[in-house]
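Note that this is a predicted model, so its numbers are computed, not measured.
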Amino acid sequence: MRRLLGAGVAVALLVTGGIAGAGTAVAAGDPTFYFSPVEDKVLMPGEGWAQLSPSGTGGQNTGEPDGTYVYVVSKKPLTDAGWSGGGLPAGLKVDSHEGCTAKAGVAGVYLCDLDGGWSNPAPWISATSGAADGTTAYYGLVYVPRGASITAGIKEAQTAGSKAIGPRRAHATVTAKTKAHVAQNTIKLSTPTLPAGGTVKHTVKLHAVDKGKLQLGLTAAAGFRWWDQGELKISVVDSGAAGASGAECSHSTGEIGYGGVWCDIAKPGDYTLTYTLKAEAKAPAWKLTTTAVYEVYAYGTGNPEKTSDFAVAGSIPVTERYRLVGRDAEGGLWDHKGTGKVAEPFTPVDPVGGSFDWNQYTALTRLGPVTIQSTGPGAVGRDKAGVLWFHPMSGDGGIYKDRIRVGSGWNTYNTLVSVSDLTGDKKADLLARDAVGGLWLYAGTGVDAKPFATKVQVGRGWGVYDQLAGGVDLTADGKADLVARDKAGRLWLYEGTGVAAKPFALKKQVGTGWQIYNSIVAPGDLTSDGKADLVARDKSGNLWLYQGNGVPAKPYIPRVKVSVLGTGFDKYNLLF
């Protein structure tokens, strides 16, 4: 997993100090100004960087500090008044020092004006791909208030290693360590099942060859959505570490989904971290992934990382959530993610992104409901030349991957209909209606490169319908169903049979007056009750929710106007 890591949390001030030889001058209006001490940085050769600025500032007053940060970097420890080691060793380089000026004639000295609108300006350092393991630079920082001696501040920074760290003076190191070196830090996880209403102890064994920070957090495991605030119902009740001295551990309070467990490891050794998870009695049956990262590098992808899945053993299922996608007049897609709530079934609309023109399709349909994790059977679109294209799901929140050509000759159809699995083989199928009302089944293969088998005719006389919507189980029997609206506005239910040769039972009328709608979509379960729902857009652009109840004779309860986001849906030329 690619992980980009920033600077750590600011450590507490150790002692007080000031500008040696600078007299009594202080920052204008803020004599109490201080910064948190800078920290040692570890860089991966060829990747990553470190900003030398302090991790935070403070003071009794709220005004910005007025003065100069003096940074110095050296090949030698900062104890040499002669500055014989000034500058960086081979393998380390300054990438940028925006907001700062290199001191002319003095190697490794940078002056950063705090009156220029920059927040803690500083040089940025990286390690070249050829940097040797263990290459180290020493750097110091001194704050010089406006009007005080810059020369004295430089001298103090150049010898900062011989003085105590203070609120306006600090020193640390930047070290290059190869990926092979850092990989010697190893992690092992033990994450047994957590019972709802109970507790379980999880364990991390860390073999540390470098100091660093061990970070642990939870995410939803593959196939599970992210949770709402307060929905996870899991917390950490204790944490600690045994083994070599040098570990200090803590954990977040409240629901762990918005925090975690962490340990500062001050020196190499073997450590065993334990923490206890507690689940409320009504905790849903999540499957969760524990991710442990040992942060040695200040920034980069090479920090050792381990993951381990575990389940919450509970009786309350985790319901899936689905999304509704709209295509606008410019060919862009807009995403409405399901919330599971009746009153507000969608989150605020988001653009899907990308430059692909979806208006190039004269027919477009998903093959089944699309989850908010961007999983599902994908979508198909027919272009103006009659070529059918398949868009697999991305699985990463971006909805669709790049398209795959299916074949030509699809202009013979006037309607393409998503139906999910009609044949009972757990593969998504497609229905197509021709100009004379013939209905054709394209059974899914599950193979992206060739998603459909040879067509089979499964019906005639389907030209009486002007709207078809399917791909969900409306009757709670585990089989995908289809609804069809005729030109008189009557709604008909075709219950799925799961048999390819005859995929639908005889139709049943389930509604009248549906001619007021210009779009009908079956996106899946929008209300987290385990039953598939329907949405319909009227001619004024209002969106209406029809909650499913699983009853074949009357599969929906009375409609509810979709709150806030239920207006303005007329900007879409297609909903799917």
**Q** Which pairs pass salt bridge (charged side-chain N to carboxylate O under 4.0 Å, His left out) with one or both residues in residues 530-545, sequence neighbours excluded?
**A**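 Listed by first then second residue: nothing to list.
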**Q** Which pair of non-hydrogen atoms, one from K502 and one from T497, has the smallest distance, and what is that distance?
**A**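 Residues K502 and T497, closest heavy atoms: O-OG1, 2.5 Å.
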**Q** Counting only N and O atoms by type, is there a donor-acceptor contact under 3.5 Å from the side chain of S540 to the main-chain atoms of N542?
**A**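 Between the backbone of N542 and the side chain of S540 there is no qualifying donor-acceptor contact (under 3.5 Å).
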**Q** Are the side chains of Q373 and M393 in touch, meaning some heavy atoms are under 4.5 Å apart?
**A**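 Sidechains of M393 and Q373: no contact.
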**Q** Flag yes if more than 12 heavy atoms outside D402 fall under 6.0 Å of its CG atom; otherwise flag no.
**A**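 Check fails, neighbour count at 12 or below.
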**Q** What distance separates L206 CG from K188 NZ, expressed to the nearest 0.5 Å?
**A**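 Interatomic distance, L206 CG to K188 NZ, rounded to 0.5 Å: 11.5 Å.
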**Q** Verify side chain to side chain contact (heavy atoms under 4.5 Å, CB included) between R460 and V436, making sure each step is shown before the conclusion.
**A** CA-CA 8 Å; R460 293 182 175 86; V436 296; over 6 Å; no
**Q** Is it the case that N518 and D570 place a side-chain donor and acceptor less than 3.5 Å from each other?
**A**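 No, no side-chain donor-acceptor pair sits under 3.5 Å.
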**Q** Working note: S394 + K401, criterion side chain to side chain contact (heavy atoms under 4.5 Å, CB included); need CA distance, chi angles, decisive distance, verdict.
**A** CA-CA 5 Å; S394 70; K401 295 181 183 178; 4.3 Å; yes
**Q** Could you grab the distance from atom CG of L388 to atom CZ of R405, nearest 0.5 Å is fine?
**A**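 Taking CG in L388 and CZ in R405, the distance rounds to 9.5 Å.
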**Q** Answer yes or no: is there a donor N or O on one side and an acceptor on the other, between the side chain of E295 and the main chain of Y297, under 3.5 Å?
**A**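 A pair under 3.5 Å: no.
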**Q** Working note: L575 + V535, criterion side chain to side chain contact (heavy atoms under 4.5 Å, CB included); need CA distance, chi angles, decisive distance, verdict.
**A** CA-CA 10 Å; L575 290 170; V535 292; over 6 Å; no
**Q** Tell me if the NZ atom of K507 is crowded by more than 12 foreign heavy atoms within 6.0 Å.
**A**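 It does: K507 NZ has more than 12 such atoms within range.
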**Q** Establish, from distance only, whether the side-chain atoms of T276 and D238 form a donor-acceptor pair under 3.5 Å.
**A**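 Their side chains do contain a donor-acceptor pair, which is all the 3.5 Å distance test asks for.
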**Q** Is there side-chain contact between T301 and M44, with at least one heavy-atom pair below 4.5 Å?
**A**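 Side-chain contact under 4.5 Å: yes.
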**Q** With a 4.0 Å cut-off, would you call K341 and D228 a salt bridge?
**A**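 Looking at K341 and D228, the cut-off is not met.
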**Q** Tell me, yes or no, whether the heavy-atom count around K554 atom NZ, taken from other residues, nucleotides or ligands under 6.0 Å, exceeds 12.
**A**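 Atom NZ in K554 is not packed in, count stays at 12 or less.
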**Q** Is V472 close to L474 at the side-chain level, that is, under 4.5 Å between some pair of heavy atoms?
**A**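 They are in contact (side-chain heavy atoms under 4.5 Å apart), so the answer is yes.
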**Q** Parallel, tilted or perpendicular, judged at 30° and 60°: which one describes the rings of F356 and Y361?
**A**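 It falls in the tilted class, 30° to 60°.
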**Q** Applying side chain to side chain contact (heavy atoms under 4.5 Å, CB included) to V521 and R366, what does each step give before you reach the verdict?
**A** CA-CA 10 Å; V521 184; R366 53 176 179 59; 3.8 Å; yes
**Q** Is the side chain of T339 donor-acceptor paired with the backbone N or O of E344 at a distance under 3.5 Å, no angle test?
**A**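 Pair found, side chain donor or acceptor close to backbone of E344.
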**Q** Is the number of heavy atoms from other residues, nucleotides or ligands under 6.0 Å of K287 NZ greater than 12?
**A**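 At most 12 heavy atoms, drawn from other residues, nucleotides or ligands, come within 6.0 Å of this atom.
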**Q** Main chain of P552, side chain of E495: is a donor-acceptor contact present, judged purely on distance under 3.5 Å?
**A**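 Flag not set: sc E495 to bb P552 has no pair under 3.5 Å.
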**Q** Please round to the nearest 0.5 Å and tell me the distance separating atom CD of Q229 and atom CD of E231.
**A**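 Nearest 0.5 Å value for the CD-CD distance: 11.0 Å.
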**Q** Mind checking whether T423 and L441 have side chains closer than 4.5 Å, heavy atoms only?
**A**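 When only atoms from C-beta onward are counted, L441 and T423 do touch, with a gap below 4.5 Å.
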**Q** How close do A500 and V458 get, heavy atom to heavy atom, and via which atoms?
**A**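 Closest approach of A500 to V458: O-CG1, 3.9 Å.
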**Q** Is a side-chain donor or acceptor of S252 paired with a backbone partner of G260 at a separation under 3.5 angstrom?
**A**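 Looks like yes, one N/O pair under 3.5 Å.
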**Q** Please identify which of these residues, R433, R485, R490, meets the salt bridge (Lys or Arg N to Asp or Glu O under 4.0 Å) condition with D466.
**A**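 Among R433, R485, R490, the one meeting salt bridge (Lys or Arg N to Asp or Glu O under 4.0 Å) with D466 is R485.
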**Q** For the side chain of D473 and the backbone of A480, is there at least one donor-acceptor N/O pair under 3.5 Å apart?
**A**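 Not at all, since once roles are kept as given, no pair shorter than 3.5 Å links the two residues.
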**Q** Hey, could you give me the NZ/CZ distance between K384 and R382, rounded to the nearest 0.5 Å?
**A**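 These two atoms lie 12.0 Å from each other.
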**Q** If I take atom CG from residue L431 and atom OG1 from residue T415, how far apart are they, to the nearest 0.5 angstrom?
**A**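 So the gap between those two atoms works out to 10.5 Å.
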**Q** Does the side chain of V380 reach to within under 4.5 Å of the side chain of T365, using non-hydrogen atoms?
**A**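 Contact flag for V380/T365 side chains = yes.
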**Q** State yes or no: are the ring centers of W440 and Y442 separated by less than 6.0 Å?
**A**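 No, they do not, as the ring centres are separated by 6.0 Å or more.
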**Q** Distance under 6.0 Å and angle within 45° of the ring axis: does R559 meet both against W544?
**A**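 Flagged: R559 positioned over aromatic ring of W544.
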**Q** Quick one, Y275 and T290 - any side-chain contact, counting heavy atoms below 4.5 Å?
**A**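 Yes - at least one pair of side-chain heavy atoms lies under 4.5 Å apart.
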**Q** Both conditions, 6.0 Å and 45 degrees, for the charged tip of R403 above the ring of W389: are they met here?
**A**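 Because its charged atom sits under 6.0 Å from the ring centre and within 45° of the axis, R403 does stack over W389.
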**Q** Would you say the side-chain atoms of D525 pair up with the backbone N or O of G530, donor to acceptor, closer than 3.5 Å?
**A**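 Checking the backbone N and O of G530 against the side chain of D525, a donor-acceptor pair under 3.5 Å is found.
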**Q** Compare every heavy atom of S420 with every heavy atom of G471, then report the nearest pair and how far apart it is.
**A**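 Result for this residue pair: O-OG, 2.6 Å.
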**Q** Is the shortest side-chain heavy-atom distance between F452 and L367 below 4.5 Å?
**A**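 In contact.
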**Q** Keeping the roles fixed (side chain from T445, backbone from P451), state whether a donor-acceptor pair exists under 3.5 Å.
**A**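 Yes; judged by distance alone, with no hydrogens or angles, the pair exists.
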**Q** Under 30°, 30 to 60°, or over 60°: which ring-plane class applies to Y546 and Y556, parallel, tilted or perpendicular?
**A**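 Judged by the thresholds at 30° and 60°, the geometry between Y546 and Y556 is perpendicular.
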**Q** Pick out which of Y572, F576, Y322 makes a ring pair (Phe, Tyr, Trp, His ring centres under 6.0 Å) with H336.
**A**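 Single pass found, and it is Y572.
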**Q** In terms of ring plane angle, is the pair W358 and H391 parallel, tilted or perpendicular, where the classes change at 30° and 60°?
**A**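 Aromatic pair W358/H391 classed tilted.
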**Q** Does either side chain, that of S190 or that of T203, offer a donor lying less than 3.5 Å from an acceptor on the other one?
**A**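 No, T203 and S190 have no side-chain donor paired with an acceptor closer than 3.5 Å.
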**Q** Among L277, L194, L232, I256, find the residue that satisfies the side chain to side chain contact (heavy atoms under 4.5 Å, CB included) test when tested with L288.
**A**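 Per the side chain to side chain contact (heavy atoms under 4.5 Å, CB included) rule, the option paired with L288 is L232, out of L277, L194, L232, I256.
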**Q** Do any N or O atoms from the side chain of N185 and from the backbone of V296 form a donor-acceptor pair under 3.5 angstrom?
**A**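 No, the answer is negative, given that no donor and acceptor are paired below the 3.5 Å cut-off.
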**Q** Which distance, rounded to the nearest 0.5 Å, do you find between the OG1 of T291 and the CG of L216?
**A**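 That separation rounds to 8.5 Å.
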**Q** Does W492 have its ring centroid less than 6.0 Å away from the ring centroid of F504?
**A**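 No, the ring centres sit 6.0 Å or more apart.
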**Q** Could you work out, with ring-ring contact (aromatic ring centres under 6.0 Å, His included) as the rule, every residue matching Y271, not counting sequence neighbours?
**A**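 ring-ring contact (aromatic ring centres under 6.0 Å, His included) list for Y271, sorted by chain: empty.
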**Q** Answer yes or no: does atom CD of Q360 have more than 12 heavy-atom neighbours from other residues, nucleotides or ligands under 6.0 Å?
**A**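 Check passes, neighbour count above 12.
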**Q** So which heavy atom on A285 is nearest to which on F224, and how close?
**A**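 Closest approach of A285 to F224, heavy atoms only: O-CE2, 3.6 Å.
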**Q** Under the 3.5 angstrom rule, does the side chain of H202 hit a backbone N or O of P192 as a donor-acceptor pair?
**A**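 Yes; judged by distance alone, with no hydrogens or angles, the pair exists.
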**Q** Taking all atoms of both residues into account, what is the closest heavy-atom pair of P377 and F390, and its distance?
**A**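 The answer is O-CE1, 3.4 Å.
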**Q** Taking all non-hydrogen atoms of both residues into account, name the closest pair between D383 and T362 and its distance.
**A**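 In this case the closest contact between D383 and T362 is O-OG1, 3.8 Å.
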**Q** Taking C-beta and beyond as the side chain, do W286 and L218 meet within less than 4.5 Å on heavy atoms?
**A**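 No. Closest side-chain heavy atoms not under 4.5 Å.
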